[in-house]
*Asks:* 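Pasting a structure below so you can have a look.
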Amino acid sequence: MTLPVVFIDGDQGTTGLQIHQRLLGRTDLKLVTLPADQRKDARSRAAAINACDIAILCLPDDAAREAAASIENPAVRVIDASSAHRTHPDWVYGFAQMSEQQKTIITTANRVTNPGCYPTGAVGLLRPLLDAGLVPRDYPISINAVSGYSGKGRAGVDEFEGPDAAQATPFQVYGLSLAHKHIPEIQQYSGLSERPMFIPAYGSFRQGIVLTIPLQLRLLPSGVTGARLHACLEQHYAGSGFVEVMPMEASQALTGLDPRVMNDTDKLRLMVFENAGHVLLAAVFDNLGKGAAGAAVQNLDLMIAGV
């Protein structure tokens, strides 16, 4: 049996390094990367990408578009870890647990776009509830999320772990233009008919995300409760190896959410809190795991299985 050739384009960035480390010991594929003196050489990169079976792009958006455009071999399949193609109609969204059909679609896809880290939590919470009609598609959704500084990539790691780390801002809310690039992705794949409000932030911890979405029961269809929302999520993700829904009684007993509790796993943990007509949906996961490298490897495994 011929092993599939997997080429990582951009294996020195935060996500690329993680993917490289995860694949190094694998015996079911042949891993290819470029030596340092060829990484920026257009001919070398084009030759490598056209000679592989599956390319994983861990590049800035413009470079990812260029890499995808350089593919002439119709047999080459691609996983793009950048945000360049996330809402492109010709690319398959790589969140296998999003819907019943998505896993099969990814398995046979030629072009797969890895979900963004924040959208993984937002879509993971909202899509099942909107599809079930428990949350209206025009609900005025607000999303608050805090990520570890590795979410900034190498620049974030240098800022907090480099020689000037003592001057790094311990907590920073950003996206104040209310036009963050993740908003179209969240809206499209959650199924919202209106743009959600999305307020991201970085904290002075390396990795992990906590994302929350507040809901008011009076704005939801009659009879919807926190328990019904929880039951919907629980049913949707039943049997999933990568998404877990915390029992409601266990979540109600929590007094805080640590964004780091799922670090070094590829799992997304979802929770529902309820009190006095208010519901809080919450997601905790590793921005470098289920939010990036882990998701890419999950998609790679599905695509290899589909060969």
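Only this structure's heavy atoms are used, side chains among them; waters, hydrogens and symmetry mates stay out.
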*Asks:* Hey, are D61 and R86 close enough for a salt bridge, meaning a charged N less than 4.0 Å from a carboxylate O?
*Replies:*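 Judged by the 4.0 Å cut-off on N to carboxylate O distance, D61 and R86 do not form a salt bridge.
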*Asks:* Between R269 and M246 (side chain of the first, backbone of the second, donor and acceptor by atom type, cut-off under 3.5 Å), is there such a pair?
*Replies:*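 No; judged by distance alone, with no hydrogens or angles, the pair does not exist.
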*Asks:* Can you confirm whether R137 is buried at CZ, in the sense that more than 12 heavy atoms of other residues, nucleotides or ligands lie under 6.0 Å from that atom?
*Replies:*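 Result for CZ/R137: enclosed.
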*Asks:* Using a 4.5 Å cut-off between side-chain heavy atoms of Ile, Leu, Val, Met, Phe, Trp and Tyr, which other residues end up in the same hydrophobic cluster as L288?
*Replies:*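 Members alongside L288: none; it stands by itself.
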*Asks:* Output the distance between atom CG (L268) and atom OG1 (T120), rounded to the nearest 0.5 Å.
*Replies:*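 It comes to 7.5 Å.
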*Asks:* Which ILVMFWY residues are connected to F242, directly or by a chain of links, through side-chain heavy atoms under 4.5 Å apart?
*Replies:*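 None; F242 is a cluster of one.
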*Asks:* Between R77 (side chain) and A55 (backbone), is there a donor-acceptor pair under 3.5 Å?
*Replies:*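 Looks like no, no N/O pair under 3.5 Å.
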*Asks:* Has N144 got a side-chain atom pairing as donor or acceptor with L211's backbone, closer than 3.5 angstrom?
*Replies:*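 Between the backbone of L211 and the side chain of N144 there is no qualifying donor-acceptor contact (under 3.5 Å).
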*Asks:* Could you tell me whether F198 and Y118 have their ring centroids closer than 6.0 angstrom?
*Replies:*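 Yes: the rings meet the under 6.0 Å criterion.
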*Asks:* Look at the side chain of E185 and the backbone N and O of P115, then say whether any donor-acceptor pair between them is shorter than 3.5 Å.
*Replies:*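 No; judged by distance alone, with no hydrogens or angles, the pair does not exist.
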*Asks:* Run the ring-centre check on F171 versus Y202 and record whether the distance is less than 6.0 Å.
*Replies:*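 Not close enough - the centres of the two rings lie 6.0 Å or further apart.
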*Asks:* Is any side-chain N of the basic residue among R43 and D41 closer than 4.0 Å to the acidic one's carboxylate O?
*Replies:*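 So R43 does not pair with D41 through a salt bridge.
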*Asks:* Return yes when atom NZ of K267 has more than 12 non-hydrogen atoms of other residues, nucleotides or ligands closer than 6.0 Å, and no otherwise.
*Replies:*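 Result for NZ/K267: open.
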*Asks:* Does D301 pair with R26 as a salt bridge, N-O distance under 4.0 Å?
*Replies:*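 Salt bridge between D301 and R26, a charged N being under 4.0 Å from a carboxylate O: yes.
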*Asks:* Would you call R206 and D286 a salt bridge, taking side-chain N to carboxylate O under 4.0 Å as the test?
*Replies:*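 Answer for the salt bridge query: no.
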*Asks:* Partners of F7 by ring pair (Phe, Tyr, Trp, His ring centres under 6.0 Å), sequence neighbours excluded?
*Replies:*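 F7 satisfies ring pair (Phe, Tyr, Trp, His ring centres under 6.0 Å) with no residue once adjacent residues are dropped.
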*Asks:* Can you tell me if H236 uses its side chain to pair, donor with acceptor, with the backbone of Q97 under 3.5 Å?
*Replies:*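 Side chain of H236 to backbone of Q97, a donor-acceptor pair under 3.5 Å: yes, one is there.
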*Asks:* Just checking, any donor-acceptor pair under 3.5 angstrom between side chains of E161 and Y149?
*Replies:*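 On atom types as modelled, these side chains qualify, holding a pair under 3.5 Å.
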*Asks:* Do the side chain of S240 and the main chain of V243 share a donor and acceptor less than 3.5 angstrom apart?
*Replies:*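 Flag set: sc S240 to bb V243 pair under 3.5 Å.
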*Asks:* Between N114 and D80, do the side chains contain a donor N or O and an acceptor N or O under 3.5 Å apart?
*Replies:*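 Judged by distance alone, the side chains do not pair up.
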*Asks:* Does Q38 CD have over 12 foreign heavy atoms under 6.0 Å away?
*Replies:*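 Check passes, neighbour count above 12.
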*Asks:* With rounding to the nearest 0.5 angstrom, report the CG to CG distance, L220 to L229.
*Replies:*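 Taking CG in L220 and CG in L229, the distance rounds to 6.5 Å.
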*Asks:* Around atom CG of D37, are there more than 12 heavy atoms of other residues, nucleotides or ligands at under 6.0 Å?
*Replies:*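 Above 12, so yes.
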*Asks:* Applying a strict under-4.5 Å side-chain criterion to I, L, V, M, F, W and Y, I'd like to know whether Y139 and M197 cluster together.
*Replies:*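 In one cluster with Y139: M197, no.
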*Asks:* Just by modelled atom types, is the D11 backbone N or O under 3.5 Å from a matching donor or acceptor in the R39 side chain?
*Replies:*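 Absent.
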*Asks:* Using a strict 4.0 Å threshold on nitrogen-to-oxygen distance, state whether D9 and R45 make a salt bridge.
*Replies:*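 Yes, charged N to carboxylate O under 4.0 Å.
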*Asks:* Under 3.5 Å, is there a donor-acceptor pair between the N287 and S150 side chains?
*Replies:*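 Side-chain D/A pair, N287 to S150: present.
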*Asks:* Are V123 and M98 close enough that some pair of their side-chain heavy atoms sits under 4.5 Å apart?
*Replies:*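 With C-beta onward as the side chain, the pair touches.
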